[in-house]
Amino acid sequence: MTLANLAVGEVGIIKGIAGDSVITKRLMEMGVLPGVAVKIIKTAPFGCPIQIRIREYDLAIRRSEAELIEIHTN
Amino acid sequence: MRDSNIGNSEIIIALAGNPNAGKTTLFNALTGLKQKVANYPGVTVERKEGIWRVDGSQTDYRLLDLPGLYSLDASSIDEKIALDVLTGQIKGLKKPSAIIAVVDSTNLERNLYLVTQLIEHGFPIVVALTMIDEAEKEGLKIDSQKLSHCLRVPVVKVNAAKGLGLKELAEAVKEVLQKEPEIPEKLKEKISSSENGHSKNAEIFARYSFITDVVQQTVTYPNQKRQRLSDKIDKVLTHKFFGLIILALLLLIVFQAIFSWATLPMELLENVFGSLGELVRSQLPEGIIADLLADGVIAGVGAVLVFLPQILLLFLFISILEDTGYMARAAFLMDKIMSKVGLHGKAFLPLISSFACAIPGIMATRTIENPRDRLATILIAPFMSCSARLPVYTLMIAAFFSDQIVLGFISVGAVLMLAMYLLGITVAIIVAFVLKKTLLKAPPPPFVMELPPYRLPKLRNVVQNMLLRAWLFVKRAGTIILLISMILWALAYFPRVDNDAIDENQKASIQLENSYAGQIGKLIEPAIEPLGFDWKIGIALVSSFAAREVFVSTLSIIYNVGKEADAENATLIQAIREAKKEDGSPVWTPLTALTLMVFYVLAMQCMSTVAVVRRETNSWKWTLFMIIYMTLLAYTAAFLTHKIGSFLVYSSIEPFL
């Protein structure tokens, strides 16, 4: 399951980030790391990008980037 | 008064921090007006520095404002330059003696990431905690002493706008300058154990793990959930439907302001330069020097400075939108649409600004981090129909399409005007798409964009930024513009011909016809003849490379109307309608007018834009590429318009011509 599967308002815990690209690295530098809770705040008018909240701040990422972020919910 | 010359001070202090952390406010508070801005050699990363004069002490520091950074890993140009500066790799710039790390206390964890990297490098650091008011309002309590103990660096709470904590900051800087920096044992342990891990990114994890521990020890969170005003504002401003409406309304206001508020100062400037020219004429003996100064230098520079009110206003709005945090929201709203042509959501506002004037639009592309995305945006910005094209459109419509109606009530002029805007947008989309598939092809850069909390803009930051941008335009573009104006002036001025025409206007017309510009007009006639243009239009095309609206004044000189005529001048319109070729057929048909409008939508007829593109791309190659491809496109489109139009007229399937 990835972050892209979550609906607005749902929370997930990050398991890992797929790939080894600049995008992966940038996400991790911004604090998107395993074990951290992430919440979907809203999606932009045409479904992309997505606004997420992590470590008490807000980040906009594209859907394709959300698909790299594996999560689990409990 | 002591000399405020930057560069005399021996000690360099660098200011580093995440974007939106309050770095600019602190920089302005510490340096006052003693600032200067340049680019780092070879790149377009801005180098901002100023003198920090510490109260009650004899020391002056050279304060260097680094670009906003999330990390020091050199994956973007900004990060690479910042790392080079901090490690003393920039030619002619000494390694900073200490770093002030600006940290937003409402967003401690992510802001501390950069700080841990700075600590690891062994730089002497002072942490400046900003946004303390905001954090306290949200119920966050930060124990700065404990934070200082955990990080092994001094931590100072500052409120730059109110001037609080600046003295303590100066003391802390003095303190770190005198002792050896220390790396916390816990951080060392975490990093070294991560080196045994498999993932290349294990260090990032280690740093954050250290930070989480530190934050847990130093920050008390409120019992209830943090209440954020930003969430409430976002409910409206980034609403799926209302968000877009508000964005549209906002742009409407910006445009209204630029087109109506800027008019008065623009006319004022025009008059000032007009009188200045006359003054020079009256004071100097008649002759080449007076003509060069009045018509070349003053008129040329005036033609460009006349854009200043628009540039100032646009930057006023852009600064406010950026400082409030709205800019990121606009990019958020528009990214899906922009990404269809391979551009970043952040390209939206610069492109929209270009409808007023491409100069501030191109300057505003600095917010786009990825160099290819930024270049693509710069290359298509001039296709947005700017205000300088309006006189050309207005003249053509007034001469050939006024009072014509289609579908019962819609004026042909309005339809044509709309068509010109749409043509520009369509071509821009196609060009962006093609560029991103060919010359600027690259894997998609990360979009990942912070949505900072909404904040009230600081008047001082806004005004300072606005003036800075305007000044950069005048200074950097100025030299190139002065040079081109003088060349264009000389082309129309030489060689001098004696003519005994009594009428001043006729005299001017004969001079222009026989000048080098006139000769070029005639020389390029075979090239523009397939577009239906004659050499007189050719002269106007050549001289309007200065700025598009010069087309109107050149045409009125060549048609004996005098250079003062504007686009709605009845005599000029009459002259255009009645102009005849040698065989007696009219020079101008409605089709010629349409072809000319199409040409002006697409051609790079603006030396100020050229100058700004040169500065912003830091490359003559891309600037020349832009001039050439735009001119080719304009020529091709005008050619097609003329050929297809002639065919339609010939086969009498006249749509509305």
Side-chain angles (χ1 to χ4, degrees), chain A residues 2-4 6-72, chain B residues 18 20 70-73 75-76 79 104 106-111 113-114 117 138 140 199-201 203-205 207-209 211-212 215 221 226 228 230-231 234-235 238-241 243-244 247 328-329 331-337 339-340 345 443-453:
Chain A
T2 73
L3 193 57
L6 286 191
V8 170
E10 286 185 329
V11 179
I13 307 289
I14 298 168
K15 272 205 300 199
I17 304 167
D20 193 15
S21 61
V22 195
I23 299 178
T24 323
K25 190 164 171 222
R26 174 56 73 185
L27 281 168
M28 293 177 84
E29 286 170 342
M30 300 296 276
V32 180
L33 287 166
V36 181
V38 53
K39 183 181 179 184
I40 309 277
I41 302 295
K42 71 163 65 175
T43 61
F46 309 99
C48 179
I50 307 168
Q51 181 179 359
I52 62 170
R53 181 159 300 163
I54 185 157
R55 295 183 192 266
E56 302 275 319
Y57 81 96
D58 288 6
L59 208 54
I61 59 175
R62 284 191 181 150
R63 205 160 267 281
S64 56
E65 290 162 346
E67 280 164 5
L68 299 175
I69 303 170
E70 291 161 46
I71 52 147
H72 60 81
Chain B
N18 287 181
N20 312 305
Y70 290 113
S71 128
L72 265 190
D73 277 337
S75 45
S76 75
E79 288 169 9
D104 176 354
T106 64
N107 188 354
L108 212 50
E109 288 189 28
R110 203 211 53 221
N111 273 257
Y113 181 77
L114 179 69
Q117 283 190 312
E138 287 179 11
L140 294 178
S199 166
K200 276 204 289 189
N201 294 324
E203 279 185 10
I204 304 178
F205 192 81
R207 287 183 198 117
Y208 266 108
S209 150
I211 292 166
T212 316
V215 169
Y221 286 94
R226 282 165 76 177
R228 293 162 197 257
S230 285
D231 288 353
D234 262 340
K235 279 212 163 73
T238 56
H239 186 274
K240 280 189 176 148
F241 178 70
L244 292 173
L247 178 59
R329 268 71 182 189
F332 177 71
L333 288 171
M334 297 313 295
D335 182 64
K336 179 80 182 184
I337 294 173
S339 69
K340 293 259 187 244
F447 170 74
V448 186
M449 175 182 71
E450 187 187 359
L451 294 169

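Sequence lines set the chain letters: A, B, ... in the order given, protein chains first and strands last, and positions in each chain run from 1. Quick caveat: nothing in here was measured; it's all calculated off a predicted structure.
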Under 4.5 Å from a heavy atom of chain A, the part of [X] involved:
X	result
B:L451	both
B:S209	neither
B:E450	both
B:F205	both

Restricting to non-hydrogen atoms, name the atom on [X] and the atom on [Y] that form the minimum distance, rounded to 0.1 Å.
X	Y	value
B:E79	A:R26	OE2-NH2, 2.6 Å
A:E65	B:V448	OE1-N, 3.5 Å
A:I50	B:F332	C-CE1, 3.9 Å
B:R228	A:R53	NE-NH1, 3.5 Å
A:R55	B:E109	NH1-OE1, 2.6 Å

Donor-acceptor side-chain pairing of A:K25 and B:S71 below 3.5 angstrom: no
Enclosure of B:K235 NZ (heavy-atom neighbours >12, cutoff 6.0 Å): no
Part of A:T43 lying under 4.5 Å from any heavy atom of chain B: both
A:E29 portion near chain B, given a 4.5 angstrom heavy-atom threshold: both
Sub-4.5 Å side-chain heavy-atom contact between A:P45 and B:L333: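 Answer yes - side chains close enough.
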Any residue of residues 56-63 of chain A which, by heavy atoms, sits under 4.5 Å from chain B: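 A:E56, A:Y57, A:D58, A:L59, A:A60, A:I61, A:R62, listed by number.
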Spacing of A:L33 atom CG and B:N201 atom CG [to the nearest 0.5 Å]: 9.0 Å
Option in B:N18, B:L114, B:T238, B:V215 with maximal non-hydrogen atom pairs under 4.5 Å from chain A: B:T238
Donor-acceptor contact below 3.5 Å, side chain A:K42 vs main chain B:D234: yes
Interface residue of largest heavy-atom contact number with chain B, from A:V36, A:I23, A:I54, A:I41, under 4.5 Å: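 Result: the option with the highest number of such pairs is A:I23.
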